[in-house]
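On a predicted model such as this, the values are computed, not experimentally measured, just so you know.
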Amino acid sequence: MPTNVSITACAGHLRVNVAGDIRSIDDVIRFSAQYRAESKRLGLRRILLDYTQAHFHLDYHDLVELADYAAKQDFQLDGLRLVEVCTPAHLAQHRQYETIAANRSTAYLVFDNEEEALKQLMAS
């Protein structure tokens with residue numbers, strides 16, 4: 001199943017819905033470039049990533065490579081605050097990226113409850 005991404009401006013944040021299979025870091029790089037550009041265009045630094053309909057086929061090495069790529073692109077200097085919502089079954093895998101991103105000064109938190117994620121996002 002190909003990746004489908006929609007980006008919506010909401011009150012004070014962007015909502016990025018991602019559905020389908022994420023098979024490589026190139027998939028993530030493509031849609032993150034889209035929401036990053038939209039964030040700059042609209043002046044919105046808070047981003048809610050909804051991955052509840054996505055399935056990641058990335059291993060730990062891929063996650064490290066993705067975080068290194070983001071750091072080389074100065075992603076952390078954009079001042080973005082990102083929260084992610086995923087299914088409870090995928091929480092452990094996504095928490096790995098949360099730690100990897102934090103080690104590269106990127107504000108990225110993972111939740112399996114959208115209400116909690118949004119509350120944290122809007123508080124930051």
Between [X] and [Y], what is the shortest heavy-atom contact and its length?
| X | Y | answer |
| --- | --- | --- |
| Leu109 | Glu98 | CA-OE2, 3.1 Å |
| Leu14 | Ala9 | CD2-CA, 3.8 Å |
| Ala67 | Ile100 | CB-CG2, 3.2 Å |
| Glu84 | Cys86 | OE2-CB, 3.5 Å |
| Gly12 | Arg46 | O-CB, 3.7 Å |
| Arg95 | Val110 | NH2-O, 2.9 Å |

- Identify which one of Tyr108, Tyr60, Phe56 satisfies the ring pair (Phe, Tyr, Trp, His ring centres under 6.0 Å) criterion when paired with Tyr97.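 The residue from Tyr108, Tyr60, Phe56 that satisfies ring pair (Phe, Tyr, Trp, His ring centres under 6.0 Å) with Tyr97 turns out to be Tyr108.
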Rounded to the nearest 0.5 Å, what separation is found between the [atom1] atom of [X] and the [atom2] atom of [Y]?
| X | Y | atom1 | atom2 | answer |
| --- | --- | --- | --- | --- |
| Gln120 | Glu115 | CD | CD | 13.0 Å |
| Asp74 | Ser105 | CG | OG | 11.5 Å |
| Thr106 | Leu82 | OG1 | CG | 8.0 Å |
| Ile25 | Glu65 | CD1 | CD | 3.5 Å |
| Leu118 | Met122 | CG | CE | 6.5 Å |
| Thr3 | Gln53 | OG1 | CD | 13.0 Å |

- Should Glu38 and Arg41 count as an ion pair when the cut-off is N to O under 4.0 Å?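 Here Glu38 pairs with Arg41 in a salt bridge, since their nearest N and O are under 4.0 Å apart.
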- Query: His55 and Asp21: side-chain contact (heavy atoms from CB on, under 4.5 Å), yes or no, with the steps?
  - Reply: CA-CA 5 Å; His55 185 74; Asp21 291 321; 3.7 Å; yes
Please name all residues satisfying side-chain contact (heavy atoms from CB on, under 4.5 Å) with [X], sequence neighbours left out, ordered by chain then number.
| X | value |
| --- | --- |
| Ala117 | Leu48, Val83, Val85, Phe111 |
| Gln34 | Val5, Ile7, Phe31 |
| Ala37 | none |
| Asn103 | Thr99 |

Counting C-beta onward and ignoring hydrogens, is there a side-chain heavy-atom pair between [X] and [Y] closer than 4.5 Å?
| X | Y | answer |
| --- | --- | --- |
| Asp27 | Leu58 | no |
| Arg36 | Gln73 | yes |
| Ser39 | Ile47 | yes |
| His57 | Ile22 | no |

- Task: Taking salt bridge (Lys or Arg N to Asp or Glu O under 4.0 Å) as the test, write out the residues that go with Arg15, two or more places apart.
- Result: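 Expected list: Asp50, Glu114.
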- Task: Start with the C-alpha distance between Ile29 and Leu66, add both sets of side-chain angles, then the distance that settles side-chain contact (heavy atoms from CB on, under 4.5 Å), and finish with yes or no.
- Result: CA-CA 8 Å; Ile29 289 169; Leu66 179 61; 4.0 Å; yes
- Item | With Thr87 via side chain to side chain donor-acceptor pair (under 3.5 Å) - residues at least two apart |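 Scan of Thr87 (side chain to side chain donor-acceptor pair (under 3.5 Å), adjacent residues dropped) gives His90.
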